[in-house]
A.B. asks: 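Dumping the structure here so I can ask a few things about it.
All values derive from a computational prediction rather than experimental measurement.
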Amino acid sequence: MTLTIGVIDYLNVQPVYYRLQERLAGRDVRFVYGVPTTLNRMLIDGEIDLAPISAIETARHADQLAVIPNLGIATLGAVKTVLLFSWMPDPAELDGCTVALTDHSATSVELLKALCRQRYGIAPRWRVTPQNLEEMLSRASGALLIGDEALIEGSLHRSIARRGVPHVFDLGDEWLKWTGLPFVFALWTVRRDRLHELAASGIVPALHAAKADGLAHIEAIAQGYAPRLNLPPGLLTKYLRDLRYDLTGWDLAGLERFLGLALPDMTPDALLAWQDEQQALAPLFAAALAPAG
């Protein structure tokens with residue numbers, strides 16, 4: 001039976017998928033591309049079997065899904081691709097204002113809402129819209145962008161909608177200033193009902209090998225991707241090097257803190273990791289929450 005692998009159509013996943021199709025040549029697998037919200041839905045609906053999906057959606061559907069350990073997209077501080085653009089110089093001034101939310105993201109949307117509730121003490125009016133900064137800021141006081149488009153707009157920092165240059169807040173940086181912790185945006189996640197096929201496929205070792213190879217070829221990845229974004233390769237190289245793909249206990253502590261804010265009724269042990277070598281499930285947060293000894 002064919003295993004279908006989801007791929008976020010952004011620069012930030014390129015290191016983990018570096019030459020992955022070559023590694024899986026001859027295996028019964030296929031690839032599907034999409035933005036995070038599309039892959040979230042497809043994985044939950046059983047249309048794909050494995051994908052890097054929004055961390056919040058992995059937790060919301062923990063009874064159906066399992067996390068592949070040591071694979072994720074996280075940041076310690078500025079992420080450069082999850083940005084709040086605002087006509088107000090202080091996010092706290094967005095209280096009661098309309099903020100346009102990208103329809104590409106789940107985790108980043110919940111991160112912004114948590115920051116507004118808990119850090120800024122405000123209650124904006126939310127409006128989910130297609131991701132287009134000019135359109136968003138023509139009808140709202142703030143706009144949340146993610147992915148490659150956020151990287152472009154954050155780098156250009158251009159005048160928008162004949163109103164001038166908006167203020168920009170990096171949510172990875174805002175989270176670090178508030179909590180002192182890394183933030184995990186995405187997790188490589190598999191459907192629990194396909195674990196037997198996953199174990200037999202060799203996909204997990206191939207993913208880890210592709211990631212190791214990709215991290216050793218960051219400059220080449222950036223050079224190849226730069227024409228797509230029309231941005232300098234050096235900027236893309238730094239962006240990729242600042243991301244965290246090997247999730248440590250510290251990263252998982254940041255994830256546990258976020259999920260406690262976003263899903264306060266969730267039991268942390270409900271989120272399970274797939275241990276490929278043992279072919280068993282184990283609590284994802286065990287290492288992060290274990291007392292130091």
Side-chain angles (χ1 to χ4, degrees), residues 6 8 16 36-37 39-41 43-46 49-77 79 82 105-119 146 171-172 174-195 198-199 204 207-208 211 243-293:
I8 298 175
V16 180
T37 47
L39 296 186
N40 294 346
R41 180 194 59 77
L43 188 67
I44 292 159
D45 290 348
D49 303 305
L50 179 152
I53 72 165
S54 301
I56 188 75
E57 289 301 301
T58 302
R60 284 172 176 155
H61 299 274
D63 60 329
Q64 302 176 48
L65 306 174
V67 176
I68 298 176
N70 303 317
L71 279 174
I73 300 174
T75 184
L76 179 63
V79 64
V82 180
S105 173
T107 295
S108 301
V109 165
E110 291 303 326
L111 171 57
L112 178 58
K113 289 180 177 180
L115 287 167
C116 286
R117 286 192 310 267
Q118 306 290 335
R119 186 173 188 222
I146 72 161
L171 296 197
E174 293 296 300
W175 173 261
L176 178 65
K177 289 175 181 175
W178 183 36
T179 67
L181 292 167
F183 191 86
V184 178
F185 289 95
L187 296 165
W188 263 260
T189 305
V190 65
R191 290 187 57 83
R192 290 198 199 178
D193 58 9
R194 299 307 301 275
L195 289 176
L198 179 70
V204 172
L207 276 169
H208 285 294
K211 178 186 69 173
L243 293 175
R244 299 165 68 85
Y245 296 98
D246 299 301
L247 300 186
T248 67
W250 194 25
D251 297 291
L252 295 180
L255 177 60
E256 191 271 339
R257 174 75 180 273
F258 167 64
L259 294 180
L261 294 169
L263 301 173
D265 295 331
M266 178 187 172
T267 301
D269 283 352
L271 195 56
L272 300 181
W274 166 239
Q275 308 290 334
D276 186 46
E277 292 182 0
Q278 292 81 23
Q279 296 192 19
L281 292 167
L284 177 67
F285 291 125
L289 302 181

A.B. asks: Does the pair Phe285 and Leu259 meet the rule for a side chain to side chain contact (heavy atoms under 4.5 Å, CB included), with working shown?
C.D. replies: CA-CA 11 Å; Phe285 291 125; Leu259 294 180; 3.9 Å; yes
A.B. asks: Apply side chain to side chain contact (heavy atoms under 4.5 Å, CB included) to the pair Leu255 and Leu284, showing each step before the final yes or no.
C.D. replies: CA-CA 10 Å; Leu255 177 60; Leu284 177 67; 4.2 Å; yes
A.B. asks: Residues in side-chain contact (heavy atoms from CB on, under 4.5 Å) with Arg117, at least two apart?
C.D. replies: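 With neighbours one apart ignored, the set is Lys113, Ala114.
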A.B. asks: Do Leu111 and Phe185 come close enough that some side-chain heavy atom pair is under 4.5 Å?
C.D. replies: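 Yes, side chains in contact.
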A.B. asks: Taking all non-hydrogen atoms of both residues, which atom of Ile68 and which atom of Leu207 are closest, and how far apart?
C.D. replies: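 Closest approach of Ile68 to Leu207: CD1-CD1, 4.3 Å.
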A.B. asks: Does Trp250 offer a backbone N or O that forms a donor-acceptor pair with the side chain of Thr248 under 3.5 Å?
C.D. replies: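 Confirmed, Thr248 side chain pairs with Trp250 backbone.
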A.B. asks: Measure the shortest side-chain to side-chain distance between His208 and Val204 over non-hydrogen atoms and say whether it is less than 4.5 angstrom.
C.D. replies: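 In short, these two side chains touch, coming nearer than 4.5 Å.
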A.B. asks: So how far is it from Gln118 CD to Leu261 CG, rounded to the nearest 0.5 Å?
C.D. replies: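 If I round to the nearest 0.5 Å, the distance is 5.5 Å.
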A.B. asks: How long is the span from the OG1 atom in Thr189 to the CG atom in Asp49, to the nearest 0.5 Å?
C.D. replies: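 It is 12.5 Å, given to the nearest 0.5 Å.
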A.B. asks: Quick check on side chain to side chain contact (heavy atoms under 4.5 Å, CB included): which of Thr107, Leu187, Asn40 does Ile53 satisfy it with?
C.D. replies: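 Filter result, single survivor: Asn40.
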A.B. asks: Excluding sequence neighbours, so at least two apart, what forms side-chain contact (heavy atoms from CB on, under 4.5 Å) with Ala280?
C.D. replies: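 So Ala280 forms a side-chain contact (heavy atoms from CB on, under 4.5 Å) with Gln278.
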A.B. asks: If I compare all heavy atoms of Asn70 with all of Leu247, which pair ends up nearest, and what's the gap?
C.D. replies: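 Where Asn70 meets Leu247 most closely, the heavy atoms are OD1-O, 3.5 Å.
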A.B. asks: Please report the shortest heavy-atom distance between Pro52 and Trp188, naming the atom on each side.
C.D. replies: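 Pro52 and Trp188 have their closest heavy atoms at CB-CE2, 3.5 Å.
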A.B. asks: What heavy-atom pair brings Arg257 and Leu181 nearest, and what distance separates the two atoms?
C.D. replies: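 Heavy atoms of Arg257 and Leu181 come nearest at CB-CD1, 4.0 Å.
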A.B. asks: Ignoring hydrogens and angles, tell me if any N or O in the side chain of Arg192 forms a donor-acceptor pair with the backbone of Ala62 under 3.5 Å.
C.D. replies: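 Between the backbone of Ala62 and the side chain of Arg192 there is a qualifying donor-acceptor contact (under 3.5 Å).
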A.B. asks: Got a second to check how far Leu65's CG is from Arg60's CZ, nearest 0.5 Å?
C.D. replies: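 These two atoms lie 12.5 Å from each other.
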A.B. asks: Is the closest side-chain heavy-atom distance between Ser105 and Val82 below 4.5 Å?
C.D. replies: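 No, their side chains stay 4.5 Å or more apart.
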A.B. asks: Kindly compute the distance separating CD (Gln64) from OG1 (Thr58), expressed to the nearest 0.5 Å.
C.D. replies: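 One gets 11.0 Å once the value is rounded to the nearest 0.5 Å.
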A.B. asks: Could you walk me through whether Met266 and Leu271 satisfy the side chain to side chain contact (heavy atoms under 4.5 Å, CB included) test, starting with their C-alpha distance in whole Å, then the side-chain angles of each, then the deciding distance to 0.1 Å, before giving a yes or no?
C.D. replies: CA-CA 9 Å; Met266 178 187 172; Leu271 195 56; 3.7 Å; yes
A.B. asks: Please confirm whether the backbone N or O of Leu50 pairs with a side-chain atom of Arg191, one donor and one acceptor, at under 3.5 Å?
C.D. replies: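 Not confirmed, Arg191 side chain does not pair with Leu50 backbone.
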A.B. asks: What closest approach, in Å, do Trp274 and Ala199 show between heavy atoms, and which atom pair accounts for it?
C.D. replies: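 For Trp274 and Ala199, the tightest heavy-atom pair comes out as CZ2-CB, 3.9 Å.
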A.B. asks: Closest heavy-atom contact between Gly172 and Val79?
C.D. replies: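 That would be N-CG1, 4.2 Å.
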A.B. asks: For a side chain to side chain contact (heavy atoms under 4.5 Å, CB included) check, start with the C-alpha distance between Val184 and Phe258, then their side-chain angles and the critical distance, and finish with the verdict.
C.D. replies: CA-CA 9 Å; Val184 178; Phe258 167 64; over 6 Å; no
A.B. asks: Compare all side-chain heavy atoms of Tyr245 with those of Leu71 and state whether any distance is below 4.5 angstrom.
C.D. replies: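 In short, these two side chains do not touch, never coming nearer than 4.5 Å.
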A.B. asks: Please round to the nearest 0.5 Å and tell me the distance separating atom CD of Gln279 and atom CG of Leu198.
C.D. replies: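 Here the interatomic distance stands at 9.0 Å.
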